[in-house]
Amino acid sequence: QLQLVQSGGGLVQPGGSLTLSCAASGFTLDYYSVGWFRLAPGKEREGVSCIDSGGNVYLADSVKGRFTISRDNAKNTIYLQMNNLQPEDTTIYYCAADRVARICYDGEYNYWGQGTQVTVSS
């Protein structure tokens, strides 16, 4: 069974940091396009940061300088390091993977994690 299992997230104060993890099982992420998306109430799903199969990286303007995406092929896991978190970053975050998806085109990703809540509040 092909699946992505997320961990991390939680409650953090403004300016704090969190790391999200997304572990794949049933397939190898090495040659997959992978990414992190978030969905806030009343808004469309937003691509936060993605890496395509060629190693190209996309980072949304809203998180540049604060978030970093990475992948550990040995652990078959991708990460999203989030620094200097702000209240507007509060929402549910999802990881995604696909063999051929264009970078951060969310409609083209076939495998999704279960989602994890990130709350930034004092």
Side-chain angles (χ1 to χ4, degrees):
Q1 183 178 2
L2 308 180
Q3 61 177 354
L4 298 172
V5 178
Q6 296 180 221
S7 59
L11 174 64
V12 65
Q13 293 186 341
S17 298
L18 285 173
T19 301
L20 305 183
S21 301
C22 174
S25 62
F27 65 109
T28 302
L29 284 173
D30 295 32
Y31 304 106
Y32 275 67
S33 181
V34 297
W36 291 94
F37 298 81
R38 62 187 181 186
L39 181 61
K43 295 186 178 181
E44 293 187 356
R45 188 162 55 194
E46 175 190 15
V48 177
S49 187
C50 302
I51 304 175
D52 69 12
S53 57
N56 299 300
V57 177
Y58 166 85
L59 201 59
D61 288 342
S62 57
V63 303
K64 282 182 180 177
R66 302 189 298 125
F67 290 12
T68 304
I69 188 172
S70 62
R71 63 198 305 167
D72 185 334
N73 290 337
K75 295 183 177 180
N76 211 25
T77 300
I78 61 172
Y79 303 94
L80 184 68
Q81 174 66 43
M82 304 183 292
N83 298 325
N84 191 21
L85 282 159
Q86 300 300 315
E88 55 266 31
D89 297 315
T90 296
T91 189
I92 300 174
Y93 287 73
Y94 298 87
C95 63
D98 192 85
R99 282 283 283 132
V100 297
R102 288 174 290 176
I103 192 167
C104 266
Y105 276 68
D106 63 333
E108 298 183 4
Y109 289 79
N110 280 310
Y111 304 107
W112 289 86
Q114 80 276 19
T116 186
Q117 177 70 43
V118 171
T119 302
V120 185
S121 175
S122 55

Measuring from atom CG of Leu4 to atom OG of Ser25, what distance do you get when rounded to the nearest 0.5 angstrom? 7.5 Å
Using 0.5 Å steps for rounding, measure from the CZ atom of Arg102 to the OH atom of Tyr109. 10.5 Å
Of all heavy-atom pairs between Ile103 and Val57, which one has the smallest distance, and what is that distance? CD1-C, 3.8 Å
OG1-CG distance between Thr19 and Leu80, expressed to the nearest 0.5 angstrom: 8.0 Å
Near Phe27 CZ, under 6.0 Å, is it more than 12 heavy atoms from other residues, nucleotides or ligands? yes
Sequence neighbours left out, what pairs pass ring-ring contact (aromatic ring centres under 6.0 Å, His included) with at least one residue falling in residues 74-94? none
Does any pair with a residue in residues 49-60 pass salt bridge (Lys or Arg N to Asp or Glu O under 4.0 Å), and if so which ones, sequence neighbours excluded? none
Over all atoms of both residues, closest heavy-atom pair of Thr77 and Ser21: CG2-CB, 4.3 Å
Pair Trp36, Gln6 - check side chain to side chain contact (heavy atoms under 4.5 Å, CB included), show working. CA-CA 11 Å; Trp36 291 94; Gln6 296 180 221; 3.8 Å; yes
Are Leu18 and Ile92 linked, directly or through intermediate hydrophobic residues, by side-chain heavy-atom contacts shorter than 4.5 Å (ILVMFWY only)? no
Below 4.5 Å, heavy atoms only, C-beta onward: do Arg38 and Asp89 meet side chain to side chain? yes
Looking only at heavy atoms, the pair that brings Ser33 and Ala101 closest together is OG-O, 3.2 Å
Would a 4.5 Å heavy-atom cut-off, applied to side chains only, mark Met82 and Leu20 as touching? yes
List the residues meeting salt bridge (charged side-chain N to carboxylate O under 4.0 Å, His left out) with Lys43, not counting sequence neighbours, and say none if there are none. none
Show, in sequence, the C-alpha distance, side-chain angles and deciding distance for Ser17 and Gln81, and conclude whether the side chain to side chain contact (heavy atoms under 4.5 Å, CB included) test is met. CA-CA 8 Å; Ser17 298; Gln81 174 66 43; 4.0 Å; yes
Which distance, rounded to the nearest 0.5 Å, do you find between the OG1 of Thr68 and the CG of Asn83? 6.5 Å
Grouping I, L, V, M, F, W and Y whenever their side-chain heavy atoms are under 4.5 Å apart, do Val63 and Val12 come out in a common cluster? yes
Quick check: does any side chain N or O of Asn76 sit under 3.5 Å from a backbone N or O of Ala24, one acting as donor and the other as acceptor? yes
Given side chain to side chain contact (heavy atoms under 4.5 Å, CB included), test Tyr111 with Val34 step by step and report yes or no. CA-CA 9 Å; Tyr111 304 107; Val34 297; over 6 Å; no
Nearest heavy atoms of Glu44 and Leu39, plus distance in Å: C-CD1, 3.9 Å
I'd like to know whether Glu46 forms a side chain to side chain contact (heavy atoms under 4.5 Å, CB included) with Ser62, so could you lay out the CA-CA distance, the side-chain angles of the two residues, the decisive distance to 0.1 Å, and finally the verdict. CA-CA 10 Å; Glu46 175 190 15; Ser62 57; 3.2 Å; yes
Once you round to the nearest 0.5 Å, how far does CG of Leu59 lie from CZ of Arg66? 9.5 Å
Do Asp98 side-chain atoms and Asn110 backbone N/O form a donor-acceptor pair below 3.5 Å? yes
Please examine the side chains of Val120 and Val118, heavy atoms only from C-beta on, and report whether any two atoms are closer than 4.5 Å. yes
Decide yes or no for Tyr31 and Asn73: does some side-chain heavy atom of the first lie under 4.5 Å from some side-chain heavy atom of the second? no
For Ser49 and Tyr58, indicate whether the former's side chain and the latter's backbone hold a donor-acceptor pair under 3.5 Å. yes
Does anything in residues 69-99 form a disulfide bond (SG atoms under 2.5 Å apart)? List the pairs, not counting sequence neighbours. Cys22-Cys95
Which residue pairs pass the side-chain hydrogen bond (donor to acceptor under 3.5 Å, both in side chains) test when at least one of the two sits in residues 112-122, sequence neighbours left out? Gln117-Thr119
What's the shortest heavy-atom distance between Arg71 and Tyr32, and which atoms? NH2-O, 3.0 Å
Listed once per pair and sorted, the disulfide bond (SG atoms under 2.5 Å apart) pairs that draw on residues 46-92, sequence neighbours left out: Cys50-Cys104
